[in-house]
Amino acid sequence: MQPRTTRGTAHDEAVPQIEDDAALGAELAAVVAGARRRAVRDGDRQIDTAHLLHSLLEHDPEVRAAVGDPQRLARLLGYLVQRSIGYGLRWQGSVEDSGAIVVPAPARSLARDTRDAPAWSPAAAAAMSGARERARHRGELRPAGTDLLAALAADPGARAVEVLERAGISALDLGARIDAGTEEYAGDGSASC
């Protein structure tokens with residue numbers, strides 16, 4: 001019996017393969033796996049930045065702390081849960097591409113069967129590359145969850161930023177707090193929902 005293989009598309013070659021577990025570490029590998037499961041369950045063609053944000057919040061207590069107080073966190077999780085029941089349906093069938101420049105990343109782990117897995121949106125791939133770059137600037141081999149959160153917040157056209165802003169969390173302020181190393185919310189909460 002011949003093993004099944006899939007042919008890569010031009011899009012697959014243009015978007016970095018970012019699932020190298022050794023390069024991510026156990027924590028972010030779990031985040032990526034959670035985002036992939038969420039995309040498959042929701043019937044989405046791509047893992048997007050909102051999938052990554054939702055998975056980060058589920059897996060990383062430092063990311064939850066960076067978001068802020070429990071009310072903001074609950075509101076943010078509420079928007080993320082709603083994506084599969086209506087809020088995010090307008091995103092299905094469309095490509096999340098905020099115009100982010102995609103930087104090549106390490107090859108995908110060979111141990112994983114990805115034939116039926118969704119692809120990465122260009123914005124999500126760029127966020128993962130940005131998280132790796134942030135870690136390198138700190139002298140770390142692997143990005144932390146807050147590196148990925150900051151990279152997600154830095155792309156104003158990302159779906160994750162749209163969700164953050166609708167939940168009343170300024171992505172710009174969130175990125176600045178992470179860069180400053182503070183994890184407490186310092187905003188006044190005046191953003192509208």
Side-chain angles (χ1 to χ4, degrees), residues 12 15-68 70 72-74 76-84 88 91 96 102-155 158-161 163-164 167 169 171 174-175 177-178 181 183:
D12 293 336
V15 176
Q17 304 305 315
I18 57 176
E19 297 180 59
D20 183 0
D21 291 348
L24 290 177
E27 294 83 11
L28 277 187
V31 168
V32 168
R36 178 173 299 288
R37 281 190 303 274
R38 189 167 299 288
V40 169
R41 186 188 65 229
D42 292 349
D44 293 335
R45 293 180 344 172
Q46 294 184 326
I47 298 169
D48 65 23
T49 58
H51 293 121
L52 286 172
L53 176 61
H54 199 159
S55 191
L56 267 173
L57 291 168
E58 288 177 336
H59 289 92
D60 194 325
E62 288 183 23
V63 167
R64 290 190 298 273
V67 166
R72 274 198 176 78
L73 184 59
L76 177 57
L77 284 168
Y79 275 106
L80 288 164
V81 167
Q82 288 177 24
R83 86 171 272 152
S84 63
W91 291 335
E96 178 189 35
V102 177
V103 179
R108 178 182 308 187
S109 172
L110 298 176
R112 186 178 287 110
D113 181 5
T114 58
R115 282 175 276 164
D116 298 323
W120 287 84
S121 75
M128 291 298 291
S129 293
R132 283 194 173 113
E133 187 61 31
R134 289 178 59 84
R136 278 192 290 273
H137 282 283
R138 283 194 338 272
E140 299 291 329
L141 295 175
R142 294 183 181 108
T146 52
D147 291 321
L148 181 53
L149 181 61
L152 291 170
D155 183 353
R159 291 175 181 168
V161 169
V163 174
L164 285 165
I169 300 166
L174 178 60
R177 282 195 314 277
I178 293 168
E183 295 178 343

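Treat the numbers as computed from the prediction; the structure is a model and nothing was measured.
- Judged by distance alone, the side chain of Ser55 and the main-chain N or O of His51 form no donor-acceptor pair under 3.5 Å.
- For the pair Asp155 and Thr49, the minimum side-chain heavy-atom distance is 4.5 Å or more.
- Taking each heavy atom of Ala160 and Leu53 in turn, the nearest pair found is O-CD2, 3.8 Å.
- Taking all atoms of both residues into account, the shortest heavy-atom contact from Val67 to Arg177 is O-NH2, 3.7 Å.
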- Does the side-chain contact (heavy atoms from CB on, under 4.5 Å) test come out yes or no for Arg142 and Leu24, once each step is laid out? CA-CA 6 Å; Arg142 294 183 181 108; Leu24 290 177; over 6 Å; no
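- For the pair Arg159 and Ala50, the tightest heavy-atom approach, listed with the atom from each and the gap, is CB-CB, 4.2 Å.
- In terms of heavy-atom proximity, Gln46 sits nearest to Ala39 at O-CB, 3.9 Å.
- Residues passing the side chain to side chain contact (heavy atoms under 4.5 Å, CB included) test with Ala150, sequence neighbours excluded: Arg134, Ile178.
- Considering all non-hydrogen atoms of both residues, Leu52 and Ala124 come closest at CD1-CB, 3.8 Å.
- Scanning all heavy atoms of the two residues, the minimum distance from Leu80 to His54 falls at CB-ND1, 3.4 Å.
- From Asp60, atom CG reaches atom OG1 of Thr146 across 7.0 Å, with rounding to the nearest 0.5 Å.
- Residues that satisfy the side chain to side chain contact (heavy atoms under 4.5 Å, CB included) test with Ala135, not counting sequence neighbours, are Arg138, Glu140, Pro143, Asp147.
- Here CZ of Arg72 is found 14.0 Å from CG of Leu77. Values are rounded to the nearest 0.5 Å.
- Residue Arg45 holds its CZ atom at 11.5 Å from CG of Asp48, rounded to the nearest 0.5 Å.
- The only option from Arg38, Arg37, Arg64 that meets the salt bridge (charged side-chain N to carboxylate O under 4.0 Å, His left out) definition with Glu58 turns out to be Arg38.
- Looking at heavy atoms from C-beta onward, Trp120 lies in side-chain contact with Val32 at the 4.5 angstrom threshold.
- Separating the CG atom in Leu76 from the CD1 atom in Ile169 is a distance of 4.5 Å, to the nearest 0.5 Å.
- Residues passing the side chain to side chain contact (heavy atoms under 4.5 Å, CB included) test with Val161 are Ala158, Glu165, Ala171, sequence neighbours excluded.
- Taken to the nearest 0.5 Å, the CG atom of Leu56 stands 6.5 Å off from the CG atom of Leu152.
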